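To start, the structure itself, in C-alpha cells.
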2 protein chains.
Amino acid sequence: MSNSTPATIEDVARIAEVSIATVSRAIHMPEKVAKSTRLKVNQAIAITGYTANAMARSLRLGRSNMILVVAPDIGDPNFSSILAGLENEARAHGYGVLIGHTQNDAQRGLEYLKFFNSYQAAGLILFTGILPFGHQAATDSLPPSVGVFEPVFNGGIPYVGVDDVEGARKAVDLLISEGHRRIAFIGDSNTRLAYRRRRSGYEAGLAAAGIPLNRQLILDGDGTVESGRLALEQFFMRDDLPTAFMCVNDQTALGVSIGLKARGYDIPDHFSVTGFDDVPQASFMTPSLTTVRQPRTAIGKHAMALLLDMLSDRAASETEILLRPDLVVRNSVGPPPARR
Amino acid sequence: MSNSTPATIEDVARIAEVSIATVSRAIHMPEKVAKSTRLKVNQAIAITGYTANAMARSLRLGRSNMILVVAPDIGDPNFSSILAGLENEARAHGYGVLIGHTQNDAQRGLEYLKFFNSYQAAGLILFTGILPFGHQAATDSLPPSVGVFEPVFNGGIPYVGVDDVEGARKAVDLLISEGHRRIAFIGDSNTRLAYRRRRSGYEAGLAAAGIPLNRQLILDGDGTVESGRLALEQFFMRDDLPTAFMCVNDQTALGVSIGLKARGYDIPDHFSVTGFDDVPQASFMTPSLTTVRQPRTAIGKHAMALLLDMLSDRAASETEILLRPDLVVRNSVGPPPARR
DNA sequence: GTGAAAGCGCTAACAC
DNA sequence: GTGTTAGCGCTTTCAC
C-alpha cells in the first residue's frame, strides 16, 4: 500500500489498463469517461492509494493550490481560531495553507514576495492592517488577496471581518444604558482601520444618546496590555476620570483592569470596563470581561471562501464582508458610582 | 520587474547570455562557475527578479521544501509560539511551513497522509502526543518526523520539548519548601506522556522530601480548564483536602483557581496552586500563577533544526532534546495555613 | 471514449 | 567551465 515511493498516475494507468490521460480524465472530468473505465480506474486508485502529486500538477497548471497566510504575529490571541477557519475551508477545497510570519518586521516584506513567487501560491490572506510588501507592491499588481480581521490600509483589497462600528456601538450602548456618561475610549489610532471604526461606533453611540463628545476622554493606544495600563495612568495623572473605560480590544481592557486593581479599585463597582474581540482569556479575567465577540472561525471560513471564489473567478464577489458582532455581557460593567 | 508571469530560469539565461544549466549552477554550485559568468548571472537575476519555481524544483528533486506541521488544536495557547519558532527556523533554511489541523479528530488521519503524500512534504512536525495517521502508519515507514511539545506515544520519533520531570520537580520542591506536605497532583493521564513525566517529577520530589505518596491526592485530568474544576469538586466532595494543588498545566490550574475562588477561598492564603507551561495568560490571572515556563520558541527552533538535520542526513542526531524548564515564581504559592 | 505526445521549470548526467 | 538534453508527474490538445 504505502510503499517507499508514492504511486504515480502511471502506476494507476498500468493497473487499470488504460492510458494516463484516461486516468487524469477519470479524476477530473469523470463524465467524459465510460462508466466501465471509470470503475477500473477507481479500483486502481484504491489499490495503489494514489494521490496526485501536487507539485507536478501545479507545475503543469501554472498555479498552485497553496494559499499563503501572512500574519505579523502568530501569537495574536485572535490568530489561531481564524487560522483554523481558514485551514478548514481551504482543505475542503483541496488547498493547503502556508504560514508566513512577518514578525511585524517591514523588512521581511520583500522576502515574502519572493517566497510567494517561488511557491506560486494561488492567493494571499493578509492578517495585517497593512500590505507586508514594500511600497512598490501597493501600486503593482498583486495576486488575489483577501484581508481578514483588520482592513488592509493601503490597497483596495477585499476584506472579511466583524462589523467594528456596530460592535463598538453595542458596547457604548450598554455602558450608556447603565447610566454612564463619562465614557473613555482607549486605543485610538490613525493607522489601524479597525480601531478607527470602533471609535466611530463609540462616537455614534454617544451622539445618539445626546452625550457631547469629549476629546479628553479619547486616548491613543496600540492594542497592547501595556497601552491600556499607560492610558489609565494618564487619566490618573490628569485627575480627570471617566466612569467607564471602553477599550479598543481585550488586551487593552486587561491593561486597564490590572491598573485599576493595582490602585485598589473594584470593577465594576468603581469603574466599568469593556473590551473587544472576546479572546479566550476574557472569560477568565476577574471580573470576567464584558466584550464584543469576534466570530473568528467564521471570519476565517468566509475569507478563504471569498479568496477561493476569486481564484475561480466566479465573479469578483463583494469587496467587504462584515460579520455581525455579538455583545458578550459578563461582569465588568455596572452602573456608575452615584457620586465620587 | 514584477510582470504578470514571474521570470523563469530561461529569462535569466537569455539576459546573461548563458545556458540555463549555467544559471542553475551559478545558483547552486557557484564555485563551479567562472567568476565573470557568475557575475553576469547574478545581474540577470537582479534584473528579472528571478526566484526559482519551487514546484518545478521540487518535482525535479523528488522532494519538496515544505514541512507539514500537524497539530490537533491550533488554538492551544502553546501552539503559536512554537509555530513561530518552527517557522523562523524553516524559513531561514529555505523551507516553508504548511499547517495541518486535525481538530483532535482521529478520522482525519488518513486524509492527512494523503495530503502529505500529495505535497511530498519533506518532513513532519507532530504537535501531538499520538500519531495522527491510522494504526497502520505506526508500523509503516514514516517520513522524517519530529515530535514537539509532547512526546509521540506510538512511535520511536525524535522529540524536542521541555524536561517535564525536572520542571515538575521544581514545582513540587517549591511547594515543599513552603511547608506543604499534602500536595495534590491534578492531571494524571495514561495516554499523555508529558503528563506522566510531570507526575514522575512530582513523585520524585515527594520521595526526596520523605513524604509518602498518597494516591488519594492524584487525580486524573486531560489538561482542560474544566478538568481542573472537576478535580477540585472531587476533593470537596470527599472532604479530604490538600493544602496545595500542583496542576499538570496552566489550564488545569486555571480551573482549580476558578473553583477555589467560587467557593470563597483565597489563593495563596488558603491554598497554593501551581501550573505548568506558563501560557501568556498565566501572568494575568489573579493571583498571577506560579508555573513552569516552556521555552516555546526555542522548542520550535530546535525541533525544526533537528528535522532539517535529519533531512540532509547529517547523522540521525539525538533522539530526544530536552530543554531546561524555568520555574516562574509569582503569587499563587504561599505557606499552608497553620491549621484548618 | 481513448491514446500519444508536448511541455510546465527545473536539475543533473553527460558531452565537449 | 559551459552547453545539451532527459525526465520528474501531470494535464491537455490533437488524432483517431
Side-chain angles (χ1 to χ4, degrees), chain A residues 3-42 44-45 48-66 94 114 116-122, chain B residues 3-42 44-45 48-66 94 114 116-122:
Chain A
N3 294 316
S4 45
T5 69
T8 72
I9 198 171
E10 280 208 71
D11 299 328
V12 177
R14 198 178 318 113
I15 294 184
E17 299 179 299
V18 295
S19 74
I20 60 169
T22 300
V23 175
S24 179
R25 274 189 291 252
I27 295 171
H28 300 290
M29 334 147 76
E31 69 285 356
K32 308 216 106 191
V33 166
K35 201 167 180 181
S36 61
T37 316
R38 213 185 311 152
L39 223 73
K40 282 194 296 179
V41 172
N42 286 337
I45 289 178
T48 54
Y50 170 72
T51 323
N53 180 321
M55 304 298 171
R57 185 154 205 274
S58 302
L59 179 59
R60 176 62 232 245
L61 259 29
R63 65 190 150 80
S64 89
N65 44 177
M66 265 177 300
K114 284 184 63 169
F116 177 84
N117 277 335
S118 101
Y119 274 101
Q120 322 270 272
Chain B
N3 294 317
S4 46
T5 70
T8 73
I9 197 170
E10 280 207 74
D11 300 327
V12 177
R14 197 178 318 114
I15 293 183
E17 301 180 301
V18 296
S19 75
I20 60 169
T22 299
V23 175
S24 179
R25 272 190 293 255
I27 294 172
H28 300 291
M29 335 147 74
E31 69 286 357
K32 308 215 108 194
V33 166
K35 202 166 178 182
S36 60
T37 316
R38 212 186 313 153
L39 224 72
K40 282 195 296 179
V41 172
N42 287 337
I45 290 180
T48 54
Y50 171 72
T51 321
N53 181 322
M55 303 299 170
R57 185 153 204 272
S58 302
L59 179 58
R60 176 61 233 243
L61 259 28
R63 64 192 151 77
S64 88
N65 43 177
M66 264 175 300
K114 284 185 64 168
F116 178 85
N117 277 334
S118 101
Y119 275 101
Q120 322 273 271

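Residue numbering restarts at 1 for every chain, and letters A, B, ... go by the order of the sequence lines. Computed over heavy atoms, backbone and side chain alike; hydrogens, waters and symmetry mates excluded. Every value quoted in this text rests on a predicted model; they were computed, and no experiment measured them.
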Would you kindly give the [atom1]-to-[atom2] distance between [X] and [N], to the nearest whole Å?
| X | N | atom1 | atom2 | result |
| --- | --- | --- | --- | --- |
| A:I9 | D:dT12 | CD1 | P | 11 Å |
| B:I27 | C:dT11 | CD1 | P | 7 Å |
| B:N53 | C:dG7 | CG | P | 18 Å |
| A:I45 | D:dC10 | CD1 | P | 11 Å |
| B:N117 | D:dG9 | CG | C1' | 14 Å |
| A:K35 | C:dG1 | NZ | P | 13 Å |
| A:R14 | C:dG3 | CZ | P | 14 Å |
| A:N65 | C:dC8 | CG | P | 20 Å |

Say whether, by atom type as modelled, one donor and one acceptor occur between the side chain of A:N42 and the main chain of A:L39 under 3.5 angstrom.
no
Can you spot which of A:N65, A:N53, A:T51 makes a side chain to side chain donor-acceptor pair (under 3.5 Å) with B:Y119?
A:N65
So which nucleotide from [options] ends up closest to the side chain of [X]?
| X | options | value |
| --- | --- | --- |
| B:I20 | D:dT5, C:dT2, D:dC10 | D:dT5 |
| B:V18 | C:dG9, D:dG3, C:dT2 | D:dG3 |
| B:R25 | C:dT11, D:dG9, D:dT2 | D:dT2 |
| A:A21 | C:dA4, C:dA13, D:dC10 | C:dA4 |

Tell me which residues in residues 57-64 of chain B lie within less than 4.0 Å of DNA chain D, going by non-hydrogen atoms.
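The stretch gives B:L59, B:R60 as the residues lying under 4.0 Å from the strand, ordered by number.
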Please check the phosphate of [N] (OP1 and OP2 only) for any side-chain N or O of [X] closer than 4.0 Å.
| X | N | answer |
| --- | --- | --- |
| B:T37 | D:dT2 | yes |
| B:S19 | D:dT4 | no |
| A:Y50 | D:dC10 | yes |
| A:T22 | C:dG3 | yes |

For a quick test of reading the model, state the closest non-hydrogen atom pair linking [X] to [Y] and the distance between them.
| X | Y | result |
| --- | --- | --- |
| B:A121 | B:S64 | CA-OG, 3.5 Å |
| B:D11 | B:P6 | OD2-O, 4.3 Å |
| B:S19 | B:A13 | C-CB, 3.8 Å |
| A:V33 | A:R38 | O-NH2, 3.5 Å |

Toward the 5' end of DNA chain D, by each residue's nearest nucleotide, B:S36 or B:A56
B:S36
Residue pair B:I27 / B:I9, side-chain heavy-atom distance below 4.5 Å
no
